[in-house]
Protein chains: 2
Amino acid sequence: MEESERLKKQKELIEYIGRQNEREGFQPVPARILGLLMVMDKEEYTFEEIVEEMKISKSSVSTALKNLEIRGIIEYVTYPGDRKRYFRFFSGEIDGFINDMEAKMIKNLETIQQIIGLKKDPNSRNAMFLKTISTGMEFFIRKLDELKIEYKKGQ
Amino acid sequence: MEESERLKKQKELIEYIGRQNEREGFQPVPARILGLLMVMDKEEYTFEEIVEEMKISKSSVSTALKNLEIRGIIEYVTYPGDRKRYFRFFSGEIDGFINDMEAKMIKNLETIQQIIGLKKDPNSRNAMFLKTISTGMEFFIRKLDELKIEYKKGQ
DNA sequence: TTTTTGGTTCGCAACAAACAGAACCAAATA
DNA sequence: TATTTGGTTCTGTTTGTTGCGAACCAAAAA
């Protein structure tokens, strides 16, 4: 692939990732900055460089970076004798990814069990449905834990 | 637990589920209606009943119900000689839940692989990170498929 | 001490989302 | 045929979100 072609595709991918991230609850600006830091060949950007590259105001970039950092999605490093901060993508382990998923499932499971616990008739249509779902979720959560161990060993 | 106490807890749970659902991208009104249909002992509500119970305008209820139905989260039934529609929670199988999760993972995986494919230096920090994540995700996706089969057999 | 650098914070304007009210409509009933 | 029922659709208001510019600030450099 030609250089210019590759660059163009990278830019498109940033925009695509931006939209994906928006669906995950990110605001437009952080969503795209995250894309930038993941996709480009240059993997460490200063504040100023992000402002220029994305043509976003300083204030928005400032807010966005803080936001992403607090969430633990990016980090910054500094170099001796250089006051600038260099922002980069912070790769969580796959574990983090799976744990998030699991945490969500567990939260859902707890809610479902609360619903069941509050039903007058434990054999009502919804109660039965929810019990089935609950059992299934318990199964998958248990297995997910096993998989995490299996994966770690395999490494 | 006393009846009135139970009812109060159910109402609180509806509000809680409402907030949870909002985080998943639902608007406030559909989010809470869904809670209502899951939690209450009365498991089939007419349009009019929802309007009264939730104190929401007809227009909002109308939009919300359509919304929830299109997403396949609720359904309605009718009874002969009764023009009203009775809305109720539509329980997807646990499979649906897992499939959603898997679909998301696959989409993420594809994006990650695109990023890697567009890197100039395939050994850059981010490229290496992303490869690790990618491998991990492939492992979990594969295993998830196996688990689905195992679970079905077990039933 | 003054200026520059590398940002942060505040207030506001533009825009988008959410909801209510009212008008509307088709099917059933009187 | 006229009215009621069970909703739907349209429009305007309210509310919330986003992002900018400008003012600001602390640390470093001049």
Side-chain angles (χ1 to χ4, degrees), chain A residues 14-37 42 44-71 73-88 90, chain B residues 14-15 17-37 42 44-71 73-90:
Chain A
I14 290 173
E15 173 58 22
Y16 174 75
I17 290 173
R19 288 193 309 263
Q20 284 312 105
N21 287 336
E22 277 189 71
R23 285 213 230 161
E24 305 282 318
F26 289 86
Q27 294 133 297
V29 169
R32 277 156 190 81
I33 291 180
L34 182 51
L36 180 79
L37 297 181
K42 178 175 174 58
E44 292 186 352
Y45 278 81
T46 67
F47 183 94
E48 201 45 35
E49 284 166 344
I50 294 171
V51 168
E52 279 159 29
E53 180 74 36
M54 307 296 276
K55 281 136 181 41
I56 301 168
S57 72
K58 286 208 296 173
S59 62
S60 301
V61 170
S62 175
T63 312
L65 289 175
K66 201 196 298 168
N67 193 314
L68 288 168
E69 213 214 319
I70 286 170
R71 297 214 209 186
I73 299 168
I74 65 170
E75 60 179 2
Y76 66 83
V77 285
T78 54
Y79 296 100
D82 187 348
R83 205 144 67 86
K84 285 173 196 139
R85 288 183 286 170
Y86 290 79
F87 292 91
R88 62 187 193 190
F90 180 75
Chain B
I14 290 173
E15 173 58 21
I17 290 174
R19 289 192 309 264
Q20 284 312 106
N21 287 335
E22 278 189 70
R23 283 213 231 163
E24 305 282 318
F26 288 86
Q27 294 132 296
V29 170
R32 277 156 190 81
I33 291 179
L34 182 52
L36 181 80
L37 297 181
K42 176 175 175 57
E44 292 185 352
Y45 279 80
T46 66
F47 183 96
E48 201 45 34
E49 284 166 345
I50 295 171
V51 168
E52 279 159 28
E53 181 74 36
M54 306 295 276
K55 281 137 183 41
I56 302 167
S57 71
K58 286 209 296 174
S59 61
S60 301
V61 171
S62 176
T63 312
L65 289 175
K66 201 195 296 169
N67 193 315
L68 289 168
E69 214 215 318
I70 286 170
R71 297 215 211 185
I73 299 168
I74 65 169
E75 60 180 0
Y76 66 83
V77 286
T78 53
Y79 296 99
D82 188 347
R83 203 141 69 85
K84 285 173 198 141
R85 287 183 285 172
Y86 291 79
F87 292 90
R88 62 187 192 188
F89 171 57
F90 179 74

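Throughout, protein chains are lettered first and strands after them, A, B, ... in sequence-line order, and every chain is numbered starting at 1.
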(request) May I have all residue pairs that pass salt bridge (charged side-chain N to carboxylate O under 4.0 Å, His left out) and include part of residues 75-89 of chain B, sequence neighbours excluded? (result)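 Sorted result for residues 75-89 of chain B: A:Arg125-B:Glu75, B:Glu44-B:Arg88, B:Glu75-B:Arg88.
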(request) Only pairs at least two apart or in different chains count here, so list each salt bridge (charged side-chain N to carboxylate O under 4.0 Å, His left out) that has a residue in residues 54-70 of chain B. (result)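 Qualifying pairs, neighbours excluded: none.
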(message) Which residues pass the salt bridge (Lys or Arg N to Asp or Glu O under 4.0 Å) test with A:Lys42, not counting sequence neighbours?
(response)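 Result, salt bridge (Lys or Arg N to Asp or Glu O under 4.0 Å) vs A:Lys42: A:Glu49.
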(request) Name all residues meeting the salt bridge (Lys or Arg N to Asp or Glu O under 4.0 Å) criterion together with A:Glu53; count only those two or more places apart in sequence or in a different chain, and write none if there are none. (result) A:Lys11
(message) Any N or O donor-acceptor pair under 3.5 Å from the base of D:dG21 to the side chain of A:Ser57?
(response)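 Looking at the base of D:dG21, it does not pair with any donor or acceptor on the side chain of A:Ser57 (distance under 3.5 Å).
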What are the atom names and distances for every N/O pair under 3.5 Å that joins the protein to nucleotides 3-6 of chain C?
from  : atom 1 : to      : atom 2 : distance (Å)
C:dT5 : O2     : A:Arg83 : NH2    : 2.3

Check the phosphate of [N] against [X], side-chain N and O only, distance under 4.0 Å to OP1 or OP2. Yes or no?
X	N	answer
A:Ser62	C:dT8	yes
B:Lys66	D:dT9	yes
A:Ser59	D:dC20	no

Which donor-acceptor pairs under 3.5 Å do the side chains of residues 23-32 of chain B make with protein atoms, sequence neighbours left out?
from    : atom 1 : to      : atom 2 : distance (Å)
B:Gln27 : OE1    : B:Asn67 : ND2    : 3.2
B:Arg32 : NE     : B:Glu15 : OE1    : 2.9
B:Arg32 : NH1    : B:Glu22 : OE2    : 2.8
B:Arg32 : NH1    : B:Pro28 : O      : 3.2
B:Arg32 : NH2    : B:Glu15 : OE2    : 3.2
B:Arg32 : NH2    : B:Glu22 : OE2    : 3.0

(message) For B:Tyr76 together with B:Tyr86, are the ring centres under 6.0 Å from each other?
(response)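 Ring centroids of B:Tyr86 and B:Tyr76 are no less than 6.0 Å from each other.
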(request) Round to the nearest Å and state the distance from A:Asn67 atom CG to D:dG19 atom P. (result)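 The distance from CG of A:Asn67 to P of D:dG19 comes to 11 Å, rounded to the nearest Å.
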(request) Round to the nearest Å and state the distance from A:Glu52 atom CD to C:dG7 atom P. (result) 12 Å
(request) Could you tell me which residues satisfy ring-ring contact (aromatic ring centres under 6.0 Å, His included) with B:Phe90, sequence neighbours excluded, listed by chain and number? (result) none
(message) Between B:Leu65 and A:Gly81, which residue's closest nucleotide on DNA chain D lies nearer the 5′ terminus?
(response) B:Leu65
(request) Could you tell me which residues satisfy side-chain hydrogen bond (donor to acceptor under 3.5 Å, both in side chains) with B:Ser60, sequence neighbours excluded, listed by chain and number? (result) B:Ser57
(request) Give me the residues of residues 21-32 of chain A where at least one heavy atom lies under 4.0 Å from an atom of DNA chain D, by number, or none. (result) A:Gln27, A:Pro28, A:Val29
